[in-house]
Number of protein chains: 2
Amino acid sequence: MAHIKINDLTSFHGALNDPLRLRLLRLLMERELCVCEMMRVLKTPQYKVSRHLGVLKKAGLIRDWREGTWIHYEIAPAIPGVLKESLVCLRSLWDQSSVIKHDLRILGRSSARKPGEPVVNC
Amino acid sequence: MAHIKINDLTSFHGALNDPLRLRLLRLLMERELCVCEMMRVLKTPQYKVSRHLGVLKKAGLIRDWREGTWIHYEIAPAIPGVLKESLVCLRSLWDQSSVIKHDLRILGRSSARKPGEPVVNC
DNA sequence: TCTTTATATGCGCCATTTCGCATATAATAG
DNA sequence: CTATTATATGCGAAATGGCGCATATAAAGA
């Protein structure tokens, strides 16, 4: 069980301190997504999505990998247990927000590409 | 069950986005405290403690009342259930930090004045 | 190689936040 | 009324953070 530094806590709470980042993280708690999908769901310019994903990544909350020209993001599998539990708890809080609810509805309508399936649209 | 606006979420996470505020809030999760006690425990100038308590108060997380020249602070009793649960969850996370652990040890050594008891020191 | 698609980032600008000092306020004691 | 104790706050400077544009990078396709 590793120590957590007060700076890690600050960067954690800092990462959650922006509406767009909150929404991005919440989407990623549903499933792995590529940047262009998040752009579409949140109707947000590419440079914003990339920038804010960068902050979440730097805080260690998400990780990414490349597949062709796409970059996929997902919740970092290696985050400590206490942190994961906190996120699950916070999810219940966030889900009371109508903006978050709306985002999830839009995400639900957008089709998930299954692994190996050819890239269709973006 | 009231809706929570995305702005409330932002102000919540914003309130937690500062090391000193985190430490203050954590102390108040132990027990009601007056400003001068928090100054002593956290070894922090008065204006900083007051300012940051003001932010926590504005976010609706704590409330205060006067007793003589002292101002007491405590966790707001009226905060919504989901929020309270989130705080309890986050407490486990924060408590892994050695800074927080240290603060709590110092607080434990400082004597709590019981209600009605005369004010002794500060 | 040239183009297109997907994503990241350097940079300057503006808004927000924090700091530290000084001062204001409020209650109490003398 | 004056002094003291406890706390809050106005203000300017410094630091931080997000925005938007433009551009860089990287892979794939023609």
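Residue numbers begin at 1 in each chain, while the letters A, B, ... track the order of the sequences.
- Between B/M39 atom CE and D/dT7 atom C1' there is a gap of 9 Å when expressed in whole angstrom units.
- Under the salt bridge (charged side-chain N to carboxylate O under 4.0 Å, His left out) criterion, B/D18 pairs with no residue at all, not counting sequence neighbours.
- Atom NE2 in A/H72 sits roughly 12 Å away from atom P in C/dA6 (whole-Å rounding).
- A heavy atom closer than 4.0 Å to some atom of DNA chain D occurs in no member of residues 7-19 of chain B.
- Considering B/K101, B/R23, B/R26 in turn, B/R26 is the only one that fulfils the salt bridge (charged side-chain N to carboxylate O under 4.0 Å, His left out) rule with B/D95.
- Atoms CG (A/L24) and C1' (D/dG18) sit 14 Å apart, rounded to a whole Å.
- Distance check: A/S50 OG to A/M39 CE gives 8.0 Å after rounding to the nearest 0.5 Å.
- Take the nearest nucleotide of DNA chain D for A/R21 and for A/G68: the residue whose nucleotide is more 5' is A/R21.
- Contacts between residues 45-64 of chain B and DNA chain D, defined by a heavy-atom separation under 4.0 Å, are made by B/Q46, B/Y47, B/S50, B/R51.
- By the side-chain contact (heavy atoms from CB on, under 4.5 Å) test, B/R66 pairs with B/I71, sequence neighbours left out.
- To the nearest 0.5 angstrom, B/F12 atom CZ is 10.5 Å from B/L56 atom CG.
- Between the C1' atom of C/dT5 and the CZ atom of A/R66 lies a distance of 11 Å, rounded to the nearest Å.
- Here D/dT5 presents its C1' atom at 15 Å from CD of B/E37, a figure rounded to the nearest Å.
- Side-chain contact between A/H102 and A/R105 is present, with heavy atoms from C-beta onward closer than 4.5 Å.
- Checked against side-chain contact (heavy atoms from CB on, under 4.5 Å), B/S86 has the following partners two or more places apart in sequence or in another chain: A/L90, A/L93.
- Atom CD1 in B/I71 sits roughly 8 Å away from atom C1' in C/dA26 (whole-Å rounding).
- Between A/Y73 and C/dA6 there is no side-chain N or O to OP1 or OP2 distance below 4.0 Å.
- Atoms SG and CZ, from A/C34 and A/R40 in turn, are 7.5 Å apart once rounded to the nearest 0.5 Å.
- Distance, A/R40 CZ to C/dA6 C1': 13 Å, rounded to whole Å.
- For A/W70, the side-chain atoms get nearest to C/dT7 when compared with the rest of D/dA6, C/dT7, C/dA26.
- Rounding to whole angstrom units, CH2 of residue B/W65 and C1' of D/dA8 are separated by 18 Å.
- The side-chain hydrogen bond (donor to acceptor under 3.5 Å, both in side chains) search around B/E85 returns none, not counting sequence neighbours.
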